[in-house]
Structures are given as C-alpha cells and as structure tokens.
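Residue numbers start from 1 in every chain, and the chains themselves are labelled A, B, ... in the order their sequence lines are given, proteins ahead of strands. Note that the structure is predicted; figures quoted are calculated from it, not measured.
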Number of protein chains: 2
Amino acid sequence: MPASASRGCERVQMEISERKKKILAAVVDEYIVTAEPVGSKALAEKAGLGCSSATIRNELAELVNMGYLEQPHTSAGRVPTALGYRMYVNELMQKQKLSLEETEELNSRLEKRLSELDNTISDVSRLASQLTNYPALALSSRSQVTIKRFDIIYVDANTFIIVVMLDNNTVRNKLVHLPVSVDEGMVKKLSTMFNASFTGISDSQITPVLINSTERAADDSLGLTSVIAAFAMEVLASEATPSTYVTGENRLLNQPEYRDPDKAHRLMSYLSSGGYILPPGEDLGDTNEVRVLIGPENIAEELKDSSVIVASYDAGDGTKGLIGVVGPTRMDYSVIASKLSFLAQGLSRRLGGGEAPVEGMHNKLIIKGDDSDKR
Amino acid sequence: MPASASRGCERVQMEISERKKKILAAVVDEYIVTAEPVGSKALAEKAGLGCSSATIRNELAELVNMGYLEQPHTSAGRVPTALGYRMYVNELMQKQKLSLEETEELNSRLEKRLSELDNTISDVSRLASQLTNYPALALSSRSQVTIKRFDIIYVDANTFIIVVMLDNNTVRNKLVHLPVSVDEGMVKKLSTMFNASFTGISDSQITPVLINSTERAADDSLGLTSVIAAFAMEVLASEATPSTYVTGENRLLNQPEYRDPDKAHRLMSYLSSGGYILPPGEDLGDTNEVRVLIGPENIAEELKDSSVIVASYDAGDGTKGLIGVVGPTRMDYSVIASKLSFLAQGLSRRLGGGEAPVEGMHNKLIIKGDDSDKR
DNA sequence: GTTAGCACTCATTTCTTTCGAGTGCTAATA
DNA sequence: TATTAGCACTCGAAAGAAATGAGTGCTAAC
C-alpha cells in the first residue's frame with residue numbers, strides 16, 4: 001500500500017496522481033470564490049470526480065501531508081498553502097482566455113484612457129484596479145535616457161524657456177526667471193552649444209568639467225550654463241527614476257481577508273508609501289510575461305500573506321514597466337493574469353508608438369512564477 | 001425656576017450659561033481625545049470647574065435638552081451632537097496657535113515639498129495628510145486662463161513642438177508628428193499669427209470662425225492651424241478644470257469610528273472617486289479662511305457623519321483652491337484648522353510667486369462655519 | 001481501492017450571567 | 001435657591017456556558 005505508507009510523515013515527496021491534481025485544483029477553485037475552507041462533501045458534490053466524500057477525505061489527507069493544503073483546525077475544511085497555489089498556478093490552472101466581448105470591452109476602455117492626456121501609466125493603473133477590483137500598481141522605468149535636442153526660447157531680458165526633447169520624444173520645459181538681463185544672442189549661442197555637447201549623453205556624463213568648459217566657451221558670466229545643465233540633469237534623472245503608482249488601495253477592504261482594519265491598514269500604507277513590490281534591482285522580466293508572487297514568495301514582510309500578480313510591458317524605446325495588482329493569496333490568478341497581460345500588451349503597443357489597438361487575438365498568456373524555490 | 005422649567009421639553013431655546021459653555025467645551029475636548037462618551041465624574045475631576053459630579057449631571061441633562069449633547073444609551077456618558085460641535089467651533093474652541101517649533105517644522109517641510117518638481121498641489125495634499133493623520137484633499141482651479149505666448153519649434157519636416165506659455169507663467173508643450181511635410185517658413189508664419197490672434201483670449205473665444213480665418217490667412221492647406229488651435233484649447237480647458245487630489249485615504253483606518261471596514265470603504269471610495277466635498281458651484285470662500293463642515297452640514301450623503309475642514313488659498317493670479325482634510329466629526333478642529341491655515345497661506349505665497357517662506361507670524365486664524373442653519 | 005457509518009473535534013453561535021460605569025432622583029445641606 | 005451626597009436603577013459590554021453542526025479520521029464492509 002504505497003499511498004498509506006506516507007501517512008504520518010513530514011511532507012512526503014511523491015508523484016502527485018492525476019486525481020490528486022484534480023482535487024487540488026477543485027479546492028483552489030472553490031476557495032477562490034468562497035474564501036472559506038472547503039470540505040470533502042462539497043467537493044464530492046460540486047467537482048464532478050466520480051467518487052465519494054470518504055475517498056476524497058483520504059486524498060485530502062495526503063495532499064495535506066504533501067504540503068499543498070492545510071487545515072485551519074482539526075474540524076475544518078482544507079485551504080491551499082502557498083505551495084498549493086504555486087502548483088495550481090504552474091500546472092493546474094485552466095488558463096483563462098478573455099472572451100471576445102471582454103476583449104472589446106477592455107480595448108475600448110484602454111483606448112479611452114490612453115487617448116486622454118499625459119498620465120498614461122497612472123491611468124492604466126487606475127483601470128487595472130477597476131477591472132480587477134484589487135489595488136493596482138504600475139511601474140515604469142527607462143534605461144538609458146538621453147537628450148536629443150535643446151531649444152531655448154527668449155521671452156524677455158530676464159526670462160527664457162528651456163525646452164528639451166528626449167530620445168523617446170517626450171518634451172520637457174522649464175521657465176527660468178533671472179535677476180539679471182541676458183541678451184538674445186547669448187541665448188542663441190548657449191542653445192547651439194548645448195545641442196552640440198549635451199545631446200546624446202546620459203546624466204552621469206554631465207560633469208562639472210563639461211559644464212565649466214561650456215560656460216567658458218560660451219563666455220557666460222551669468223551662470224546660465226549651469227542653470228540649463230541643472231535642468232537637463234533634473235530631467236534625465238527624473239525620467240530615469242522608476243516611478244510607481246498605486247491606485248485603488250481601498251478596494252482591499254472588499255476582501256474578507258482584510259476585514260481586520262489593522263491588517264488592511266498595514267498593507268495599504270505599505271502600498272501607498274511606495275514600498276517595493278518586486279525585489280529591488282531585479283529586472284522587470286520578459287515582456288508580455290505575467291509573474292505571480294504567492295504569499296511568502298514576496299520579499300517584503302508586509303506582503304508575506306498577500307499575492308502579487310504583475311505583467312510587464314515594453315514600449316520598445318527603452319521604457320519598460322510593470323502593471324499589476326495586489327490582493328489576498330486567494331485571487332483569481334487566471335482571470336486577473338489575462339486582464340493584466342492584456343493591459344500590458346496594450347501599453348507596449350501604445351507607448352511604442354503604434355496606434356493600432358490590441359487586436360482580437362484573445363491573448364497569448366505566459367505565466368511564470370517564482371521558480372527559485374527557496375530564497 | 002427658569003432652569004427646571006425647561007425640563008422635559010423639546011430642545012428649549014435659552015441663553016446658555018457660562019458654566020454650561022465650560023462644560024460643553026470640556027465634553028468636546030475630552031471626547032476628541034478619547035472617542036468615548038464622557039461622564040459626569042470624569043468631568044468633575046478633570047476639568048477644573050469647582051463643582052461636584054451631581055451638579056454637572058444636572059447641567060449635562062439640560063445640555064442634552066438643548067440639543068448640544070446626546071446619550072448613546074441611558075447609562076452612558078454624553079457625546080456632542082453636530083449642534084454641539086458647531087457651538088464649540090464657533091464660540092468655545094480655544095484657538096490653537098502653532099508654537100514656534102511647529103511653525104518651523106511645518107515651514108521646512110512645506111519648503112521641501114514646494115521646491116521639488118511640478119506637482120505642488122498634490123504634494124501639499126500629501127503633506128496635509130501626513131501632518132494631520134487624516135485623509136487630505138486639495139483642489140485648485142483657475143478662473144480666467146489665457147495664453148500669453150506661442151512658440152513653435154521646428155524639429156524636422158514632419159515634426160514640431162508647440163510651446164505655450166500661460167498668463168500665470170506655466171508652460172505647456174506638445175510634440176506633433178505629421179504625415180506630411182511642412183517647411184520652416186510656414187511654422188514661423190503660424191507662430192506669428194497665433195501670437196497675434198490667440199493670445200489673451202479664453203478657450204470659449206477660440207471659435208471655428210477664428211480658426212478658419214487664421215487658416216486662410218496663413219495659407220495653411222495642411223490643417224496645422226487646427227492642430228495648434230486644438231492644443232491651445234486643450235491646454236486652456238485642462239487648466240481651467242478644477243483638479244482635485246485626495247491622498248492618504250487609508251489613514252481613515254486609524255480612527256475608531258471607521259473600524260467598520262464597510263463604513264471605511266464607503267467613505268474612502270467616495271473620496272477617491274472624486275465626489276464633491278463642497279457644494280458644487282459654491283465659491284471657495286475668502287482666502288485664508290478656514291471652513292468647517294460638521295456631519296449633517298455636509299451635502300454629500302457619504303459625508304453626513306464625517307466632518308470636513310478646509311482652508312482656502314489664493315495665489316493671486318487667478319489660481320484659487322482649497323486644502324483640507326476629512327475625518328470623523330470628532331476631530332481636533334483647532335489644531336487641524338491651524339495647520340491647514342498655515343499650509344494654505346504658504347501656498348498662497350508660494351504660488352503667488354513670492355519666494356519668502358511663511359514667516360513666524362504664528363498665524364492668523366479665521367474660522368468660519370456653515371452659518372445657514374438649515375439648508 | 002472505495003465507501004458507508006460513526007464517534008469525535010472544535011469553531012461558531014446563542015443564550016445567560018455578571019459587572020460596573022453612569023445616570024436620575026431624593027433628601028439633606030449651605 | 002443652588003449644590004451635593006447618597007442610592008437605586010439601567011443597560012451595554014465582557015465573561016462564561018451550552019448548543020450546534022460542519023467536517024474530520026478511522027473502521028469495517030463491499
């Protein structure tokens with residue numbers, strides 16, 4: 001009796017039978033919707049696996065041994081462990097394809113968001129939160145930013161506008177007000193010089209040496225050069241700093257696992273304080289890949305009993321980012337992953353300059369987990 | 001026996017005696033910190049009004065009759081009613097002046113926020129929330145926005161940048177990419193024309209007629225004119241639309257009155273959905289005035305059992321706005337009003353162009369309520 | 001290998017009881 | 001006439017006790 005041999009042991013390694021898989025999947029599926037421990041009887045009835053509750057009880061007991069499930073207390077049903085979710089996400093989960101209607105719905109909403117003004121990423125974060133009913137986060141970062149072009153607009157003797165165009169075609173400007181007078185010729189000269197020596201370089205290359213030599217070359221005794229250089233650095237730095245948006249934190253309160261205000265508050269303030277979600281420094285993952293971090297797989301203490309689902313996008317011009325949600329470990333990974341993946345793909349295209357909406361290709365969904373088992 | 005004559009009647013109108021005022025104030029003060037009904041004994045001990053608990057009980061009973069206090073149940077202490085708070089705010093409250101250290105602390109933090117990039121108002125909202133530990137809101141609106149200056153930067157035959165400077169010296173830009181080629185001369189010409197006929201006017205004055213005549217005058221067959229005009233309108237419109245920021249919603253969960261997740265959620269999502277806080281269309285109030293809306297005085301159903309404290313600022317150039325917090329009716333009106341007032345004054349100065357920090361004038365605090373009793 | 005049956009466990013719900021803070025009233029006091 | 005000590009009374013909240021029932025593990029029969 002190979003099965004009973006495992007009884008009483010600590011997390012036995014054994015091949016998981018087909019039936020066990022089915023049962024585990026059924027447990028997770030059920031738990032996702034009810035948030036209550038699921039019992040053998042309910043399983044026997046609902047999930048159509050032709051066997052009685054007693055049999056299922058045996059299987060459940062073994063799944064507990066194997067570490068996929070756990071019991072809150074002796075006389076309760078089973079609840080998936082992090083390992084159980086991992087297995088579910090990696091192998092068992094039936095990958096959700098969005099229906100055509102859903103795709104269209106999503107598309108039109110995405111469209112609407114993107115067409116409006118500037119704040120693309122934060123807007124999409126908002127959208128993600130709405131669609132999933134979980135707090136959403138969006139992160140975007142640029143790798144190597146450089147300036148493509150300088151213009152300095154002479155407004156009056158004491159005022160000018162610096163306009164700077166970056167290599168990804170975003171344009172930034174700043175109005176500068178000086179206590180001293182500048183003549184238009186100087187402004188022209190500076191503009192030329194900056195275009196000559198400050199374009200195509202990253203912020204670390206803007207050194208005091210460079211600034212000094214420019215200043216001398218332009219014969220600038222007023223310190224204009226350093227003002228402009230400072231702005232250039234500021235723009236480059238702010239563009240290179242990854243920005244994170246968290247929206248819809250309050251939706252956490254919808255979830256039964258956050259009924260405790262303290263627990264909810266802890267997580268919410270962690271989120272809005274901009275605490276890191278992914279291991280800092282870790283790369284963003286391949287584009288169009290969805291990653292799932294389940295409970296203890298998260299590094300941040302505050303997230304250890306929540307899950308994170310993120311999809312990465314890549315605008316092609318060096319702008320990469322993530323869009324994701326945070327919620328209880330019990331989340332509908334499948335649907336959420338689909339939706340996020342969709343949004344990420346939409347972002348990739350849209351930011352990348354292409355104007356076409358994400359097409360009806362329901363969606364290719366690549367879900368990847370945190371493979372490194374221990375960390 | 002004038003006092004006992006009121007016994008048993010419905011909300012009797014009578015002059016409120018000095019001692020009653022003192023007691024009422026003490027009740028509110030105490031309730032603000034404990035959030036628990038306050039009883040006669042505690043009052044007799046703490047607040048130094050030389051009389052026994054029995055006397056106080058009599059007074060309390062009358063204050064209940066007069067509508068300033070209420071009892072959650074027969075054997076509990078007293079809790080201020082909205083009317084009680086109103087009275088407290090209007091007459092009884094001992095107006096808090098910020099200490100010098102506090103002023104300096106606030107100043108340096110405000111300074112820091114304002115000196116950093118663009119997002120002044122949202123940043124100050126964040127600051128307000130931090131300082132008060134309540135959700136904060138900031139609203140800013142401009143009355144009459146006009147464009148002061150147009151510049152069009154020729155990038156290449158298909159690309160140019162529109163730079164627009166508003167009458168309050170903010171600068172906006174947009175990169176335009178065209179499918180057809182434009183020559184530099186045309187760009188120059190358009191720039192001149194726009195400066196001639198589109199400056200100093202509001203968005204409603206940008207009519208199709210005006211656009212058409214400009215287009216004809218510039219001999220523009222490519223539709224450039226309308227692109228630029230559209231951008232101008234967009235900028236004007238977006239600038240004129242009052243923008244609201246709500247930050248720190250999660251701090252609501254600190255408050256015992258929002259321990260119920262549903263209640264908290266209701267309010268939080270109302271706040272982050274951008275629901276109006278002040279009666280829509282109502283003017284923002286005089287500058288440097290702090291307004292308090294207590295419980296039922298709010299018009300939004302969702303706010304009927306919360307209070308709102310807002311201070312208004314005025315940058316002088318037509319930019320006006322509010323900065324405020326939302327919380328339980330039991331809030332420390334006095335301190336919060338001081339802090340908000342401080343921030344508002346800081347904003348007024350800073351946005352108004354003056355560079356000096358708010359000085360050590362601890363602060364003049366004008367608190368005004370919702371005087372119209374019924375609405 | 002599966003399943004019906006049954007005793008057992010234990011969180012949850014419901015009902016009681018206890019406890020005490022706080023009241024209102026009365027009668028004595030200043 | 002205003003204040004106060006004293007006391008019975010009220011009623012929510014906390015603590016304890018009992019009932020409930022979902023779900024289990026195990027055994028023995030199929």
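The two atoms that bring B/L253 and B/R259 nearest to each other are O-NH2, 4.5 Å, heavy atoms only.
You'll find the side chain of A/M268 stays beyond 4.5 Å of the side chain of B/E249, heavy atoms only.
Between the side chain of B/T81 and the main chain of B/G67, a donor-acceptor pair closer than 3.5 Å is present. Side chain of B/R330 to main chain of B/I32: a donor-acceptor pair is present (N/O by atom type, distance under 3.5 Å, no hydrogens or angles).
Rounded to whole Å, atom P of C/dG24 lies 8 Å from atom CG of B/L60. Nucleotide D/dG23 holds its P atom 11 Å from the CD atom of A/Q71, rounded to whole Å. In this structure, A/E70 atom CD and D/dT24 atom C1' are separated by 16 Å, rounded to whole Å.
Using the six-membered ring where Trp is involved, B/Y276 and B/Y270 have ring planes that are perpendicular, over 60° apart on the 30 and 60° scheme.
One side chain, A/D29 or A/Y88, offers a donor N or O that lies under 3.5 Å from an acceptor on the other.
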Worksheet, complete the sentence: The contact string for nucleotides 2-16 of chain C, one letter per nucleotide 5' to 3', using protein heavy atoms under 4.0 Å with B, S and - for base, sugar-phosphate only and none, comes out as SBBB---BBS-----
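Rounded to 10 degrees, the angle separating the terminal helix axes of the helix from C/dG1-D/dC30 to C/dA30-D/dT1, each built from five base pairs, is 20°.
For B/K263, the NZ atom is densely surrounded, since the number of other residues' heavy atoms within 6.0 Å is greater than 12. When the shell of 6.0 Å around NZ of A/K46 is examined, it contains 12 or fewer heavy atoms from other residues, nucleotides or ligands.
DNA chain C lies under 4.0 Å from at least one heavy atom of each of the following residues of residues 36-44 of chain B: B/G39, B/S40.
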